[in-house]
Amino acid sequence: DVAEQLTPDGPREESLQLVSELKDPWCSCPVDVGTVWWAAAGHRELRVVTASESAVSLWQPLAPDCWGKVYTWHLTELPVIQIVPLPDTCNLVCVALGELEIGEIRLLLYSETDSFKHSLVKTGNIKAVVGLKDQRLVSSSRTMQEQQVEMVLLSETGGSKDRQTLMPPEETVTAFAEVEGMREALVGTTAGNSVVVWNLKTGQLLRKMHIGYSYPASICHRAYSDSGLLFVVLSHPHAKESESCGSPAFRVVAFNPRSGRSTGVMFSCLPPGRAGRRGDVWDTAGAAVLTSGAVAVWDLLRGHCTAVLPPGPAGHWALARWAAGGAGLLAGHRDGTVHLYRY
Amino acid sequence: CSESDLGPISLNWFEELSAEAPP
């Protein structure tokens, strides 16, 4: 696998097929892109969401290769930092806003009676947030004295139906990931480089397992429970390049939650000579923007880099996000152009 | 990975840890 990646004719963009392009001439500084399921007039379709610091736009497919902007929410008090994907939720867009770190989380929604509006879900010094299936949102926030980890059950009208406090670990939680197939389990990574596991129903902190010192500041993206083991997809934004392994982009690590022991299962490294990455994972595929301005895609189960999108005529790629429901990869340029690729 | 590397594996780890962890 490594030999294949080292060949000059290594992965190209063949496994990514350009489906369509959308361009917002008013968006000069995109901060995020994503997709949302939208139900209207009796059917459900996937729509694209683009975010700049002060506006979030909803895009509707008009024809197979053509998108039109449906609506723009203007958010003027705090800059938008990221779109928070809400799996299997319809007609709700969740965004995180703040200066250097997330200060508030808002829902952007449309209702028959109120038209388009937005509502505040959470405020504080928010360190990490994740959207889960069944309209649930989990976040960690910190005061000088303590850390709060909370799950909010969102209502269809953009409010909060219920709140559940989860037991916080001593270390700050830096990322969350849902566990595929286990509705009540949630994993997180901490500033002390551990993986923690919660029971979402009871709020119990079940286990803290150290990742190891070789890969500091690991970020969890997704987890799968199988055969009594917990397989966690981690990215390593700050790992140093090593002669034996190259630069790790993603690793799949198997944890035994009973014993707390772990072992590396699969290793996906950056294409040779590349550096930097900001990653996203969907199912078993990983994607990241490299500092060279290219986008790289990996099959995480095989450890293969399967595609590289070089910087195009419009310049460096700035964003790479997987669309919901296996609809492909969204890649965004700094000039506001977004390409949708089938993968 | 073998059981000797990772220690005893339980298919019901989530239920067992939930029963053992402080409420």
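These figures come from a predicted structure and were not determined experimentally. Letters A, B, ... mirror the listed sequences (proteins, then strands); counts begin at 1.
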Participant: May I ask you to decide if B/Leu6's main-chain N or O and A/Asn256's side chain share a donor-acceptor pair within less than 3.5 Å?
Facilitator: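 Yes; judged by distance alone, with no hydrogens or angles, the pair exists.
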
Participant: Using a 4.5 angstrom heavy-atom cutoff, name the option from A/Ser259, A/Pro257, A/Gly260, A/Ser262 with the most pairs to chain B.
Facilitator: A/Pro257

Participant: With only heavy atoms counted, which part of A/Val179 is less than 4.5 Å from chain B, the side chain, the backbone, both or neither?
Facilitator: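 Neither part; nothing is under 4.5 Å.
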
Participant: Against chain B, work out which of A/Met182, A/Met167, A/Arg207 has the most heavy-atom pairs shorter than 4.5 Å and name it.
Facilitator: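 The answer is A/Met182.
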
Participant: Is the shortest side-chain N to carboxylate O distance from B/Glu20 to A/Arg258 below 4.0 Å?
Facilitator: yes

Participant: Is it true that A/Asn199 and B/Ser18 share a donor-acceptor pair across their side chains at a distance under 3.5 Å?
Facilitator: yes

Participant: Given that the side chain runs from C-beta out, which part of A/Leu230 has a heavy atom under 4.5 Å from chain B: side chain, backbone, both or neither?
Facilitator: side chain

Participant: Rounded to the nearest 0.5 Å, what separation is found between the CD atom of B/Glu15 and the CG atom of A/Leu206?
Facilitator: 10.0 Å

Participant: Is the closest side-chain heavy-atom distance between B/Ile9 and A/Ser227 below 4.5 Å?
Facilitator: no

Participant: Quick one, A/Glu184 and B/Phe14 - any side-chain contact, counting heavy atoms below 4.5 Å?
Facilitator: yes

Participant: What are the two closest non-hydrogen atoms of A/Gly228 and B/Trp13, and how far apart are they?
Facilitator: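 For A/Gly228 versus B/Trp13, the nearest heavy atoms are O-CD1, 3.7 Å.
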
